[in-house]
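Sequence positions, counted from 1, serve as the residue numbers for this chain. For the numbers below, each heavy atom of this structure counts, side chains included, while hydrogens, waters and symmetry mates do not.
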Amino acid sequence: MNPGKLRERAAVLRLAGEADLRWEKRCGVWLSAKETGRKNLFSKVGIGAAGAEFLLRERGLTLHDAILWREQHYFLTDIAREGAAPVYLRVQAARVTPVIALHYRRRVALGDLNRPEQTTEQLGSFPCCLTEKYLGSSDENSHVESRARLVAVTPKAVRCIPGDLLEIDGEQYRVMVVHQLEIYKNELEIERTSDD
């Protein structure tokens, strides 16, 4: 590999924060980049996103990180080592647009006269990438009710349970299913119901 081919400037992003998680620039890197023209299946239960491939010198890069290239956020899906002295990394990634989700959980506490009262508590916020999961629509007597089920792909540090509420771009979603078996990410099936 000719190091002179690493002509593009990008940034490696790493998750930071405790309750309010966010992507922060960790370092700048030189790399060779190309869009693959194929979908990258960064979600097991949602649809894919436009794929890209990066080649850069070996560094402490993991699938917990992300890359910012040409002002676009890239979710890392695979890292392979290549060559010997120096070693390079060939990285597969999906171009996504992260959004901030405000995370709420409903709790029941005893109120006046020991009556149960439901409260909603904000637990924090985190970045996630949304992809679609189409469920269809159903005709009910005098109206059509449409259900939008999305998949929110989150960093592994995010801990949600079914029933939690997420506010994304002013819309409120309920967490229906939580997929936590992946090592580097969690996938949340979230749903919003509205009358048309």
Name each donor-acceptor pair under 3.5 Å that joins a side chain in residues 103-117 to protein atoms two or more places apart or in another chain, with its distance.
from: H103; atom 1: NE2; to: D164; atom 2: OD2; distance (Å): 2.7
from: R105; atom 1: NE; to: D164; atom 2: OD1; distance (Å): 2.8
from: R105; atom 1: NE; to: D164; atom 2: OD2; distance (Å): 3.4
from: R105; atom 1: NH2; to: D164; atom 2: OD2; distance (Å): 2.8
from: R107; atom 1: NE; to: E121; atom 2: OE1; distance (Å): 2.5

Nearest non-hydrogen partners of R59 and C27, listed with the distance: NH1-SG, 3.5 Å
Any residue meeting side-chain contact (heavy atoms from CB on, under 4.5 Å) with R9, in chain and number order, not counting sequence neighbours: W30
Derivation of the side chain to side chain contact (heavy atoms under 4.5 Å, CB included) call for Q122 and L102: CA-CA 7 Å; Q122 183 173 356; L102 301 178; 3.8 Å; yes
Contacts of V99 that satisfy side-chain contact (heavy atoms from CB on, under 4.5 Å) - sequence neighbours left out: C128, L130, I168, D169
Sequence-distant partners of D78, side-chain hydrogen bond (donor to acceptor under 3.5 Å, both in side chains), two or more places apart: none
Rounded distance (nearest 0.5 Å) linking atom CE of M176 with atom CD of E189: 9.0 Å
ILVMFWY network linking L123 to Y173, side-chain heavy atoms under 4.5 angstrom: no
side-chain hydrogen bond (donor to acceptor under 3.5 Å, both in side chains) against E82, all qualifying residues, sequence neighbours excluded: R90
Any residue meeting side-chain contact (heavy atoms from CB on, under 4.5 Å) with T62, in chain and number order, not counting sequence neighbours: H64, D65
Hydrophobic cluster (4.5 angstrom, side-chain heavy atoms) - remaining members for I183: V12, V29, L31, F54, L56, L61, L63, I67, W69, Y74, L76, I79, L89, V91, Y184
For E58, salt bridge (Lys or Arg N to Asp or Glu O under 4.0 Å) partners two or more places apart: R81
Side-chain donor/acceptor of N40 to backbone N/O of A49, under 3.5 Å: no
By side-chain contact (heavy atoms from CB on, under 4.5 Å) - contacts of K34 (at least two apart): E53
By side-chain hydrogen bond (donor to acceptor under 3.5 Å, both in side chains) - contacts of E24 (at least two apart): R22
Cationic N near anionic O, under 4.0 Å, E8 to R70: yes
side-chain hydrogen bond (donor to acceptor under 3.5 Å, both in side chains) against T131, all qualifying residues, sequence neighbours excluded: none
